[in-house]
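Basis for what follows: all heavy atoms, side chains included, without hydrogens, waters or symmetry-related copies.
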Amino acid sequence: MKMTADVIIIGGGINGCATAYYLAKKGVHDVIVLEASDSIGHGGSSRNGGGVRQSGRDVRELPYAMYAVQNMWPHLSEELGVDVEYYQRGNLRLGKTEAHLQKLEKLASGARALGLDMNVVDGKTVKEICPHLSEDIIGASWCPTDGHANPMLTTLAYYKRAVELGVRFITGAPVTAIQKVRGKARKVQVKSGEVFEAETIILAAGYESRYIARTVGIDVPMTTFFEECLVTEMQPHMFDIMLGTADADFYGHQSKHGSFVFGSDSGLEEATDMSLGELKTNSLTASAGCRAIMGYIPKLADAKVVRTWGGWIDMCFDGVPVIDTVDEVPGLILACGFTGHGFGTAPAVGLMLAQMVVGEKTVVDISALSYDRFRSLK
């Protein structure tokens, strides 16, 4: 096995796969992707509700989220040769109280300031957009350019095209350390003892990135959060929009084949006492998510849940990822701490990481995502 490359990407999730693809498109074919598990997309890339949204984002994320929606998602299926089930039919973030509406208006005003078409609409308009929702909803934020896609199909499509362009993927290869040579990040050691070498190393391994980064003396302040998803049996077609709520009780959509896919947040997740290797859903949190869904979509009260699953999110301290080179460790690029927001922005993130490797200016300014923002003030 060839143990050297121009670029090593640590992490075979959607960001790692997308970066590999865009690097190969730019002519950088000598790329190795190291994935800890035995399958591609095993982490958050296969454990989310598929939202491709701009609304509700931190203003530091919004420029590249908008870039992906405007320039990449509409033709991604054609480009990758796989139907990624992308629908751009809008996103309603629902509210039942005046406090909810105030929260939604704050999000909407911040988004509009950056040029996003997002407004708060009343309950009557909500019912016109989606008549299947509860009468208790008094308003919502509405972003007509938001949408959703299939996370697993998208991840594997990037993987497939990257392989076709010459990228090498190695699964079952958990990284234990990055090593410097003459002050520069150069070597990557895996659990088996093998050592790979590259000119550039991209660290995109979710929460495990924190442990790996510490081996070269840097730390990204992250915590873990266990996110759960569920899928229902097939239902008659109701709507193609994306749904969420002001309090983030749940989010999700109806898939192409009729099932509903939801992610949920009960507020009990931080009390989940499991190791990172465990991916079991919890009866308390899963049932709380179901109750929240029924409270907003009464027609789903009798729908059977076919499957639940969960996974660990890398929650960055200030809510947005770190996408940056590191002055203290030349040759290393960080791409971690996505805080559960990484799927919809992955095309833009992959492109920008590829641009960083080849020395191009990124398509939008991401200086606000710098690692330096965590430096102690003197």
Side-chain angles (χ1 to χ4, degrees), residues 7-11 13-16 18-20 22-23 26 44 54 56-68 71-72 110-111 113-116 175 178 180 183-186 188 198-225 313-378:
V7 181
I8 291 174
I9 300 170
I10 304 172
I14 189 167
N15 285 307
T19 303
Y22 291 115
L23 278 170
K26 289 182 176 295
Q54 306 148 100
R57 287 190 179 271
D58 188 292
V59 293
R60 292 169 290 180
E61 294 179 302
L62 195 49
Y64 61 95
M66 291 174 65
Y67 183 89
N71 301 284
M72 304 181 80
L114 291 180
L116 181 66
V175 171
I178 296 171
K180 293 182 183 179
K184 182 180 184 296
R186 176 75 190 186
V188 177
E199 287 295 321
T200 303
I201 299 168
I202 299 174
L203 183 53
Y207 186 75
E208 286 81 359
S209 299
R210 186 170 198 182
Y211 301 128
I212 298 168
R214 284 172 174 170
T215 65
V216 284
I218 62 173
D219 192 15
V220 179
M222 292 188 281
T223 58
T224 57
F225 185 89
I313 293 174
D314 48 337
M315 302 287 287
C316 201
F317 177 76
D318 62 349
V320 296
V322 177
I323 305 175
D324 193 20
T325 56
V326 182
D327 291 341
E328 297 92 326
V329 190
L332 176 64
I333 299 175
L334 297 174
C336 52
F338 282 90
T339 317
H341 306 163
F343 171 65
T345 60
V349 169
L351 174 60
M352 292 189 297
L353 288 169
Q355 290 175 318
M356 292 166 69
V357 170
V358 300
E360 296 176 0
K361 184 178 179 181
T362 55
V363 289
V364 298
D365 178 18
I366 53 172
S367 57
L369 307 181
S370 166
Y371 172 69
D372 287 351
R373 72 184 190 264
F374 299 117
R375 289 184 184 276
S376 298
L377 297 176
K378 295 182 179 180

Enter the distance from [X]:[atom1] to [Y]:[atom2] here, rounded to the nearest 0.5 Å.
X	Y	atom1	atom2	value
M352	D365	CE	CG	10.0 Å
I218	I178	CD1	CD1	7.5 Å
I366	Y67	CD1	OH	13.0 Å
I10	I8	CD1	CD1	7.0 Å
M356	I202	CE	CD1	8.0 Å
N71	L351	CG	CG	9.5 Å

For the residue pair [X] and [Y], establish whether any side-chain heavy-atom pair is separated by less than 4.5 Å.
X	Y	result
Y22	P347	yes
E208	D314	no
I9	L23	yes

Looking only at heavy atoms, which two atoms of [X] and [Y] are closest? And how far apart?
X	Y	value
A205	I212	CB-CD1, 4.3 Å
V364	T362	O-OG1, 2.6 Å
A346	A18	O-CB, 3.9 Å
Y207	M222	CE1-O, 3.5 Å
G344	A68	O-CB, 4.0 Å

Only distances under 3.5 Å count here; give the side-chain donor-acceptor pairs of residues 319-327 to other protein atoms, sequence neighbours excluded, each with its distance to 0.1 Å.
| unit_1 | atom_1 | unit_2 | atom_2 | d |
| --- | --- | --- | --- | --- |
| D324 | OD2 | S370 | OG | 3.1 |
| D324 | OD2 | Y371 | N | 2.9 |

Holding to side-chain contact (heavy atoms from CB on, under 4.5 Å), I want the full list of residues that pass it with [X], two or more places apart in sequence or in another chain.
X	result
R186	V181, E197, E199
P221	F317, F374
D219	R210, R214

#### Entry: Partner of T345 by side chain to side chain contact (heavy atoms under 4.5 Å, CB included), out of R57, Q54, E61
R57

Let me check something: any side-chain donor-acceptor pairs from residues 331-340 under 3.5 Å, sequence neighbours excluded? List them with distances.
| unit_1 | atom_1 | unit_2 | atom_2 | d |
| --- | --- | --- | --- | --- |
| T339 | OG1 | C316 | N | 3.1 |
| T339 | OG1 | G337 | O | 2.9 |

### Task
List for me each residue that meets salt bridge (charged side-chain N to carboxylate O under 4.0 Å, His left out) alongside E360, sequence neighbours excluded, and say none if there are none.
K26

